[in-house]
Structure formats: structure tokens, C-alpha cells
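Please read the structure below before turning to the comments.
Naming: A, B, ... by sequence-line order, numbering from 1 per chain.
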There are 2 protein chains.
Amino acid sequence: MEQMSRNLAFQLKKIRQQRHLSLDDVAKATGVSKAQLAQIEKGEANPTVSTIWKIAAGMRTSFSSLLQPPTAHFMKYSSKDAPHVDEDEGRYRVYSIIPYNPERGWELYKIEMEPGAFSRSEAHTEGVEETVTVIQGQATISAGDMHEKLEEGDTLVFSGHQPHEYKNTTEALTILHLILQYK
Amino acid sequence: MEQMSRNLAFQLKKIRQQRHLSLDDVAKATGVSKAQLAQIEKGEANPTVSTIWKIAAGMRTSFSSLLQPPTAHFMKYSSKDAPHVDEDEGRYRVYSIIPYNPERGWELYKIEMEPGAFSRSEAHTEGVEETVTVIQGQATISAGDMHEKLEEGDTLVFSGHQPHEYKNTTEALTILHLILQYK
DNA sequence: GACATATGTATACTTTAATAAACATCAAGA
DNA sequence: TCTTGATGTTTATTAAAGTATACATATGTC
């Protein structure tokens, strides 16, 4: 969540500096206390919608532009501390590489399947799209009444609003990358 | 501000009902308490960004889509209780018809000018556009070194980042509509 | 009809967002 | 050098967001 506070911090500071305003000026224009504004600009606050609203109104800017992320990113996710879940008695392992983020709209998993490992998923909510890439080994994937056997380097895209299965029919470890895209 | 709470209320309820989830389900998926969710759906809450973030993440939707307004509006602003400010010893009166709203990005004023009334504005911040329409009477408007005499029904558009003047050079009351557009 | 389960509502409590006022810092200007 | 004023920071207090629990109301099911 602190992502959003950072955005707000960045955007507010930017506006304030562009217009050569002091914290007192902004406080007077928005009705938000100076102390709170300082906290917000430092990204150390968790403001309510009404506070953000007051800032947007006072600064004559839009609500959403205040929450816009700054242009550049440079963010590392280490697979070391990626949380994971096991299925099929530990032979099917799912690692969360990039967790879901409301700004991004998708999440990335790494899946390890021991020989013969198997996993079945019920239909997700409407509008979910799965993109599977075989990093290593081979996998057989079914969705609804469609089936496909994928080899290393293959990618399959299908909508997740139907029951689907992942299976490793080979004798070696298979590794997949799975992107779940929402809405 | 309650505009925003209404949006959130509407969108959350919509998502929850579309997916056939109970408040308990959403509470478990998002980590936000059931009581708070109920309040939010009724539009009686003023949540923090972290709460909205948790809802967005748990529901696998975007932050902004949760704050999107529903399609239809039907809202009356009465000119009776419009606040107003006087200039030029009360001969130049500004009525706020539609106050600024961060979702909309502009505001609407009605201006009444007695004969000979006059008003000068300093340059606003970059990116402000003024649209003046003469409802009744005549007005002379200057912006920077440009001048224009407007009659009933005329409209003038100019950027407000330069000093500008409004003047009623006639012997009758002049009424203007002024739209201030930001950014 | 009585029991069980699920769902939304109301209440008491804890945590924290937001305010107001005092404080520190610094740059003119006399 | 000593004010004075402007700006951002810290601190104490208040107001309210958020939680957890208990309560009310349905909707089956035996």
C-alpha cells in the first residue's frame, strides 16, 4: 500500500514546488493542517479520502493525478524471499514472484512441477486471463475441453473463467511462469 | 468529498454482488473488517488509502476503478444558496454556481457588473483557461495586450496565466458566465 | 416446528489520522 | 549583532477510522 502514499507524496511535493507555495499556503488553500501535509509529503502518512479530496480541490487538480506514480521505476523482487504454496503433496509448488498490485493489474508466479505432478483450478471470476510459459521441461494444460501440450519456450494464453488443469507428464522437473491478468 | 465515498460505495457493492460474495468473504480476502466494509458500502465511511488499497488488492481490481463514478448523474445546484464575493465596492459580484470538483476539473461562476464596474486579476498558475460568455449587456475584456469587446451571446476563450481585466463600459447591468478550466 | 448456518447490522473498544500550538532553523534588513 | 518574518519539524491532544464481538434476521434442512 505504501506505494500509493509515495505517489501522493511525490505528486503533492511536485505541485507545491512548481507553484512556489509553502506548507502554510497549501494548508490555507486546502484546509488540511500543515503537520499532516508535511507527513504526506514525506510519505509517512495514511490519509483518508476526504483529506486527499481536500488537497485535490484546494490545489485545483484531479483526484487521480494526485495518485499518479512518477515516471521512473527501478524495483527488484528477489525470488529468495518469494512466498510459496504447495499442492499435490509438495510435488506442485507455486512461488509468488511479483504479487498483485492494484496499479499494475497482474501478478507473476513461478510454478515447479515434479514428474507426474498435477493441479486443478476451478473457474476464476470473469475477466481473468492466464499466460503460461514453459521455462524448463514440458507441461500439459487443459482449459474447459481444450488441451495443449507445451514444450520449453512455448506460451499458452487462455481465459481463466473455466476449470483448468496443469500437469507434468514427463520424467523431469518442469518449471512454468504464469501471469495472471485481471479485468 | 462525499462524492468519492459514494463512488467507492457503488463500485465495491457492484463488484461484490457480481461475484456473489458476502461481506465475510470480502473481509477475509482483503483483510478489512466486515463492519468497515459495510460502512463503506453504505457510503458512510471515510476510508484511508491503505484500506482502499487492501480492498483493491484483495478484489484484484485497480485502485482507480474503485473510485470511478457510476455512469449516470442527476444533480441540481441552486443559484439561491450560491456563495458570492464582491469587488470594486460591491459593483462587481462573483457567484460560485458550480464549485470546483476534482473529478470534473473546472468550475462555473456567474458575474454581475454594474455600469462602469471593473476587475483585474493577476496571472493564475500555468494551465488555467477562462471561457467567458456574455449573458446580458456588454463587456470589455483584456488579457496581456489583447483586448476584446463582447456583446450578448459572445464568448471569449483565453489562457489565464497572464494578467487580465473585466470591464463593463455600458450604462446597464452586465452578466457573464465564466468557466475556469484547470490543467 | 426447532435447529443450524449464513449474512448483514449495531455496539464497545483500540488504534491512528488529523489538528493546533510550540519549537527549531534560517535568511534578510536595520 | 540582534530582530523579524517566513518556513518546516516536533509534540500533545482530539476526533475518527478500524477492529472484534455480539446481535438480529433470514433461509434452508432435518
Proximal nucleotide (of [options]) relative to the [X] side chain:
{"X": "A:Val32", "options": "D:dA20, D:dA17, C:dT19", "value": "C:dT19"}
{"X": "B:Ser22", "options": "D:dT7, C:dT7, C:dT11", "value": "C:dT7"}
{"X": "A:Ala35", "options": "C:dG8, D:dT10, C:dA10", "value": "D:dT10"}
{"X": "B:Thr48", "options": "C:dA17, D:dA20, D:dT9", "value": "C:dA17"}
{"X": "A:Ser33", "options": "D:dT10, C:dT19, C:dT9", "value": "C:dT19"}

Using atom [atom1] of [X] as one end and atom [atom2] of [N] as the other, report the distance to the nearest whole Å.
{"X": "B:Glu44", "N": "C:dG8", "atom1": "CD", "atom2": "P", "value": "16 Å"}
{"X": "A:Asp24", "N": "C:dA20", "atom1": "CG", "atom2": "P", "value": "12 Å"}
{"X": "A:Ile40", "N": "D:dT9", "atom1": "CD1", "atom2": "P", "value": "13 Å"}
{"X": "B:Gln39", "N": "D:dA17", "atom1": "CD", "atom2": "P", "value": "9 Å"}
{"X": "A:Gln36", "N": "C:dA17", "atom1": "CD", "atom2": "P", "value": "8 Å"}
{"X": "B:Leu23", "N": "C:dA6", "atom1": "CG", "atom2": "P", "value": "15 Å"}
{"X": "A:Glu41", "N": "D:dT9", "atom1": "CD", "atom2": "C1'", "value": "13 Å"}
{"X": "A:His20", "N": "D:dG8", "atom1": "NE2", "atom2": "P", "value": "13 Å"}

N/O (side chain, [X]) to phosphate O (OP1/OP2, [N]) under 4.0 Å:
{"X": "A:Lys28", "N": "D:dT7", "answer": "no"}
{"X": "A:Lys34", "N": "D:dT11", "answer": "no"}
{"X": "A:Arg16", "N": "D:dG8", "answer": "yes"}
{"X": "B:Thr51", "N": "D:dG18", "answer": "yes"}
{"X": "B:Lys42", "N": "C:dA10", "answer": "yes"}

For the residue pair A:Gln39 and A:Leu37, establish whether any side-chain heavy-atom pair is separated by less than 4.5 Å. no
Aromatic rings A:Trp53 and A:Phe63: how do their planes relate, parallel, tilted or perpendicular, breaks at 30° and 60°? tilted
B:Arg91/B:Glu112 ion pair, N-O < 4.0 Å: no
Charged N to carboxylate O below 4.0 Å: is that the case for B:Arg93 and B:Asp86? no
With ring centroids as reference points, do B:Tyr109 and B:His177 lie under 6.0 angstrom apart? no
